[in-house]
Amino acid sequence: MSTAEKVLVIGAGIGGLCTALLLAPSGREIVMVERDGPLGTSDPDELFHNWKRNGVAHLRQSHAFLARLRKIMKDEHPALLDQLLANGVRELPFDVWLTEQQQANYEAAPEDADLTIITSRRTTLEMTMRRYVETLPNVKLLCGCRVERLITHKEDGGVLHVSGIEGVQDGKAVTLTADIIVDTSGKGGRSINQLITEGAHIAEESETAGILYFTRHYRLRPGQIEPDRTSNPPASGDLGYLKFGVFPGDNGNFSITLAVPEVELELRQAIVDPEIFHGITLMLPGLHPWTNAERSEPVGKVIGMGDLVSRWRDMVVDGKAATHGYFALGDTLVRTNPLYGRGCSFAAVSAQALRKVLDTHRGPEERALAYHEAIKRELRPFYINQRTQDRAAIKEARRALTPGQKQRLRARLTKSFVKDGIEIAIRSDTRLLREALRGFHMLEHPEAWLKRPRNLAGVLYYWARGKRRNAAAYRPDPGPERQHMLAALKIDHQADIDRIAAEPSKAA
């Protein structure tokens, strides 16, 4: 591997920053181009309110770094982890997942430290990462540089070789070339579409995640602290027609995210109203301790996030690379429902895989094939896992709006196995919780833990015990039924039911 290689990274969001962090130790020259302007401040609160990131529409949605990403940071850049904590970013250790029953007999294990997550406002995370990356001697960041097109030429056999970008910076045309182009421009990036237009054989599969997210930020009032997690109902839950969760933030801030199925048209149109959003939080036992007027105050408006599409792109089809010298990363390549916050970890894992590929392979075709295989191995299981859950949730949300429709026996058994088996087992047995979280945090295949005979036997044991004997392990009622909630919010609960009922006749 030649350390003289030059890498051009398109985008300085989380994906681009992870790329710089993971490639910098290899000694390569890294140039990052970012269309938005430079940081105006290092004050987390000022940045949150004023930072304009047109390229990151989800900048003020809730964010968390799973344990896999934190471990990468700790191993590769421990000083960055220290700076994040110094800026108020939070670490939530393994024991926050424990139920009161589990806490009574909890004995810490060495591996528990690897199950810690990082949570904060996205602006604070990104600002700290960028400030750190800017200190790396072989990294250069060009802000205000908009990429207009990739520089490409066709090689023998029709493969597109990408060698640079043409763009505009400060009103002037700019051309930049490099040995390696890494595209982290995200879901709105146009560069990969250019390659498709020019004939690159890139396979793509996509489908809706069937859900929309709505987030509002809150600040603790002076003298207030976060609610005790043990003495209050869980701060996350699933009502079927509504999912909810609290994301502890930095410097006395936190965010609430409410997720609504696409099919719940009336609710998702109403929820953007700050009063309705706040009213929902007060009706949920797990959120009321956080958002009541004594504890905290809302900060800003309700921020929606739609167009949630699961998308997988293959840059290698039938054993042949579509491009040479070009590597897509993050949302440019793979997108999933952000329910479990895996997007940032996807980017970091991809960047880590890219470094290994570049260090161990020389030829452009060999590198393209190796990167493709690494992405399939590392990310595909989590993509399929989430897509499967999305499909089931879409069906369930639609079924809930179809009175009288019954689930098939197989669906009922599957639901019971999850709700009365898996969930009860991990809320009762700390060892099983550890095992399950390793998959959740991308430290191993998401289904590996349940395929181990000992773990499956443990889940089956709790499932067979029945609801009466497992009563202490069930979560408290997360909130009101759909009809009661919508009626309290003065939303017509019947409208979407009638709309769904009328759809077959319209189709006819």
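The basis for the numbers below is simple: all heavy atoms, side chains too, and nothing from hydrogens, waters or symmetry mates. As the structure is a prediction and not an experimental result, all values here were calculated from the model.
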| task | Determine, stepwise, if the pair Arg70 / Glu91 fulfils salt bridge (Lys or Arg N to Asp or Glu O under 4.0 Å). | result | CA-CA 9 Å; Arg70 178 188 175 274; Glu91 287 190 324; 2.8 Å; yes
| field | pair Arg438-Trp449: side-chain heavy atoms closer than 4.5 Å | value | no
| query | Between the side chain of Glu46 and the main-chain N/O of Thr41, is any donor-acceptor distance below 3.5 Å? | reply | no
| Val174 vs Cys145 side-chain heavy atoms within contact, under 4.5 Å | yes
| query | If you round to the nearest 0.5 Å, how far is CG of Leu66 from NE2 of His441? | reply | 6.0 Å
| said: Salt bridge or not between Glu207 and Arg391? Use side-chain N to carboxylate O under 4.0 Å. | reply: yes
| So, Arg60 side chain and Phe48 main chain: donor-acceptor pair closer than 3.5 Å or not? | yes
| field | Derivation of the salt bridge (Lys or Arg N to Asp or Glu O under 4.0 Å) call for Glu378 and Lys356 | value | CA-CA 13 Å; Glu378 291 282 0; Lys356 184 176 181 180; over 6 Å; no
| query | Would Lys6 and Asp179 count as a salt bridge (Lys or Arg N to Asp or Glu O under 4.0 Å) if you check the C-alpha gap in whole Å, the side-chain angles of each, and the deciding distance to 0.1 Å? | reply | CA-CA 5 Å; Lys6 182 176 180 180; Asp179 302 294; over 6 Å; no
| task | Using a 4.5 Å cut-off on heavy atoms from C-beta on, say whether the side chain of Tyr218 contacts that of Thr281. | result | yes
| said: If I take atom CD1 from residue Ile72 and atom CG from residue Leu81, how far apart are they, to the nearest 0.5 angstrom? | reply: 12.5 Å
| Modelled atom types, side-chain donor and acceptor of Thr257 and Ser62, under 3.5 Å | yes
| Note, Val139 side chain near Val9 side chain (heavy atom, < 4.5 Å) | no
| note | Rounded to the nearest 0.5 angstrom, the CD-CG distance for Glu34 and Leu39 is 9.5 Å
| Between Ala12 and Leu141, which heavy-atom pair has the shortest distance, and what is it? | CB-CD1, 3.8 Å
| field | Check against side chain to side chain contact (heavy atoms under 4.5 Å, CB included), Ile192 and Met315 | value | CA-CA 10 Å; Ile192 199 167; Met315 303 296 294; 4.1 Å; yes
| query | Taking it one step at a time, do Leu8 and Val182 satisfy side chain to side chain contact (heavy atoms under 4.5 Å, CB included)? | reply | CA-CA 6 Å; Leu8 182 63; Val182 182; over 6 Å; no
| task | Could you label the plane-to-plane angle of the His58 and His63 rings as parallel, tilted or perpendicular, counting under 30° as parallel and over 60° as perpendicular? | result | parallel
| query | With no hydrogens and no angle check, is any side-chain donor or acceptor of Asp318 less than 3.5 Å from a backbone partner on Lys320? | reply | no
| request: Taking all heavy atoms of Glu126 and all of Gly13, pick out the closest pair and write down the distance. | output: OE2-CA, 3.9 Å
| Rounded to the nearest 0.5 Å, how far apart are CG of Leu69 and SG of Cys344? | 7.0 Å
| query | Short question: side chain of Arg53, backbone of Leu59 - any donor-acceptor pair under 3.5 Å? | reply | no
| request: Inspect the contact between Arg499 and Glu266 and indicate whether a charged nitrogen and a carboxylate oxygen are less than 4.0 angstrom apart. | output: no
| task | Check whether any side-chain N or O of Thr184 sits under 3.5 Å from a backbone N or O of Gly11 as a donor-acceptor pair, and report yes or no. | result | yes
| task | For the residue pair Arg219 and Asn251, confirm or rule out a side-chain donor-acceptor distance under 3.5 Å. | result | no
| field | Heavy-atom pair with the smallest gap, counting every atom of Gly319 and Glu365 | value | O-OE2, 4.0 Å
| task | For atom NZ of Lys301, decide whether the heavy atoms of other residues, nucleotides or ligands shown that lie under 6.0 angstrom number more than 12. | result | no
| query | Is it the case that more than 12 heavy atoms not belonging to Asn193 sit under 6.0 Å from its CG atom? | reply | yes
| said: Just verifying a value: how many Å separate Ile256 CD1 and His217 NE2, rounded to the nearest 0.5 Å? | reply: 10.5 Å
| said: If you apply the rule salt bridge (Lys or Arg N to Asp or Glu O under 4.0 Å), what do you find for Arg452 with Glu444, and how did you get there? | reply: CA-CA 13 Å; Arg452 298 185 185 111; Glu444 64 179 19; 2.7 Å; yes
| Do the non-hydrogen side-chain atoms of Ile202 and Glu204 ever get within less than 4.5 Å of each other? | no
| request: Determine the minimum heavy-atom distance between Arg335 and Tyr383, stating which atoms define it. | output: O-CE1, 3.6 Å
| query | Taking C-beta and beyond as the side chain, do Tyr371 and Leu329 meet within less than 4.5 Å on heavy atoms? | reply | yes
| task | For the pair Glu435 (side chain) and Leu450 (backbone), establish whether a donor and an acceptor sit closer than 3.5 Å, ignoring hydrogens and angles. | result | no
| Would Arg367 and Ile180 satisfy side chain to side chain contact (heavy atoms under 4.5 Å, CB included), going step by step from the backbone distance to the final call? | CA-CA 11 Å; Arg367 283 176 162 180; Ile180 302 295; 3.5 Å; yes
| said: On a heavy-atom basis, which atom in Ala351 and which in Leu23 lie closest, and how many Å separate them? | reply: O-CD2, 4.5 Å
| Pair Thr123-Arg121, side-chain donor/acceptor within less than 3.5 Å | no
| query | Side-chain contact, heavy-atom cut-off 4.5 Å: Val260 with Leu242? | reply | yes
| field | Test side chain to side chain contact (heavy atoms under 4.5 Å, CB included) applied to Arg190 and Val147, step by step | value | CA-CA 9 Å; Arg190 299 175 296 172; Val147 175; over 6 Å; no
| Are Arg268 and Phe214 in a cation-pi contact, defined as NZ or CZ under 6.0 Å from the six-membered ring centre and within 45° of the axis? | no
| query | Are side-chain N/O atoms of Gln83 and Asn87 paired as donor and acceptor at under 3.5 Å? | reply | no
| Is it true that the NZ or CZ of Arg342 lies under 6.0 Å from the centre of Phe382's six-membered ring and within 45 degrees of the ring axis? | no
Distance-only donor-acceptor hits, side chain of residues 303-312, under 3.5 Å, sequence neighbours excluded:
unit_1: Arg311; atom_1: NH2; unit_2: Asp331; atom_2: O; d: 2.9
unit_1: Trp312; atom_1: NE1; unit_2: Asp314; atom_2: OD1; d: 2.9

| Is the shortest side-chain N to carboxylate O distance from Asp36 to Lys52 below 4.0 Å? | no
| Is the gap between the ring centers of Trp290 and Phe254 under 6.0 Å? | yes
| said: Quick check for you: to the nearest 0.5 Å, what is the distance between Ile211 atom CD1 and Glu264 atom CD? | reply: 10.5 Å
| query | Within a strict 4.5 Å, meaning less than it, do heavy atoms of the Tyr213 and Lys243 side chains meet? | reply | no
| query | What closest approach, in Å, do Arg313 and Thr332 show between heavy atoms, and which atom pair accounts for it? | reply | NH1-O, 2.8 Å
| task | Measure from the side-chain N and O atoms of His77 to the backbone N and O of Ala79, and report whether any donor-acceptor pair falls under 3.5 Å. | result | no
